[in-house]
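Residue numbers run from 1 in the order of the sequence given.
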Amino acid sequence: MARYALTDIHGCLKTFQMMVEEILRLQPNDHLYLLGDYINKGPDSKGVLDYIFSLQRQGYQLTCLRGNHDQLLLDAVDQGEQAVWLTPEDKQKTLENFGVGQFSQIPAQYLSFVRNLPVLVVLEDYVLVHAGLDFSLPNLLATENYTLMNIKRMQPSAQKLSGRTLVHGHLPVPKATIEKAVKKKKAAINLDAGCVYYKNEEFGQLCGFNLDTWQLYWLPNQDTPYFIKVK
């Protein structure tokens with residue numbers, strides 16, 4: 001059994017599928033942890049969720065967390081589209097992915113999936129989350145949900161993590177930054193290599209991480225071309 005983590009797929013279905021099937025070569029007794037942001041920005045948000053559903057139906061072990069972009073889907077339904085800060089282009093692309101004209105028309109199975117996603121997973125050796133933790137708190141696990149999905153600045157403390165490593169995504173960083181964090185076994189490791197931002201030479205990679213061996217797996221974006229602003 002192997003344990004893998006990856007994050008911030010953002011609608012890049014072909015890249016995600018190739019990572020799972022050809023790079024990680026995922027087996028049914030492996031465990032894949034997905035750290036959120038399955039949708040928006042990329043070319044096939046619906047396809048990414050459908051592929052996750054397909055893996056689950058085939059008996060693969062997946063633990064999926066909720067990211068801030070996944071939460072936006074719920075916010076658009078629960079609070080109205082005016083509550084969502086996506087650009088008009090990103091909104092339209094996501095709606096077209098699902099074949100609907102409004103977020104409230106997205107089929108219930110997708111909304112139910114996102115609504116039931118956890119925002120924090122604690123293992124014996126890792127804390128997994130989309131964005132990060134509030135290290136100013138005495139109890140890190142009391143970090144509120146919004147912060148877990150949106151925090152951008154942290155001062156990670158190995159002592160507060162009690163021997164665990166924080167693994168997260170949310171903010172794209174260059175490949176070299178991720179490699180350095182893994183080599184130095186830092187208290188917090190950001191796996192977001194900005195896969196969706198294929199036009200930016202610093203990004204455009206999907207990064208997989210073996211939680212047991214600390215091996216990194218890299219795959220350049222396979223979904224190009226599509227419209228995306230340079231990050």
For a quick test of your reading: what N or O donor-acceptor pairs under 3.5 Å do the side chains of residues 175-185 make, sequence neighbours left out?
none

Euclidean distance, Ser45 OG relative to Ile9 CD1, rounded to 0.5 Å: 10.5 Å

Side chain to side chain donor-acceptor pair (under 3.5 Å) pairs, two or more places apart, involving residues 189-201: Lys41-Tyr197

Side chain to side chain donor-acceptor pair (under 3.5 Å) involving Gln27 - partner list, sequence neighbours excluded: none

Partners passing ring pair (Phe, Tyr, Trp, His ring centres under 6.0 Å) against Tyr60 (at least two apart in sequence or in another chain): none

side-chain contact (heavy atoms from CB on, under 4.5 Å) partners for Tyr217, two or more places apart: Tyr4, Met19, Ile23, Leu24, Asn210, Gln215

Tell me which donor-acceptor pairs under 3.5 Å the side chains of residues 99-107 have, and how far apart each pair is, sequence neighbours excluded?
unit_1 : atom_1 : unit_2 : atom_2 : d
Gln105 : OE1    : Gly101 : N      : 2.9
Gln105 : OE1    : Gln102 : N      : 3.1

Pairing residues for Pro220 by the side-chain contact (heavy atoms from CB on, under 4.5 Å) criterion, not counting sequence neighbours: Gln205, Gln222

Sequence neighbours excluded, every pair satisfying salt bridge (charged side-chain N to carboxylate O under 4.0 Å, His left out) that has a member inside residues 104-132: Arg3-Asp125, Asp78-Arg115

Asp75: salt bridge (charged side-chain N to carboxylate O under 4.0 Å, His left out) partners, not counting sequence neighbours: none

Gap separating the CG atom of Asp134 from the OG1 atom of Thr147, nearest 0.5 angstrom: 6.0 Å

Which side-chain N or O atoms in residues 151-159 pair as donor and acceptor under 3.5 Å with protein atoms at least two apart or in another chain?
unit_1 : atom_1 : unit_2 : atom_2 : d
Ser157 : OG     : Gln159 : N      : 3.4
Ser157 : OG     : Lys160 : N      : 3.1

Where at least one partner belongs to residues 132-190, residue pairs that pass ring pair (Phe, Tyr, Trp, His ring centres under 6.0 Å), sequence neighbours excluded: His130-His170

Listed partners of Glu21 passing side-chain contact (heavy atoms from CB on, under 4.5 Å), at least two apart: Gln17, Tyr51

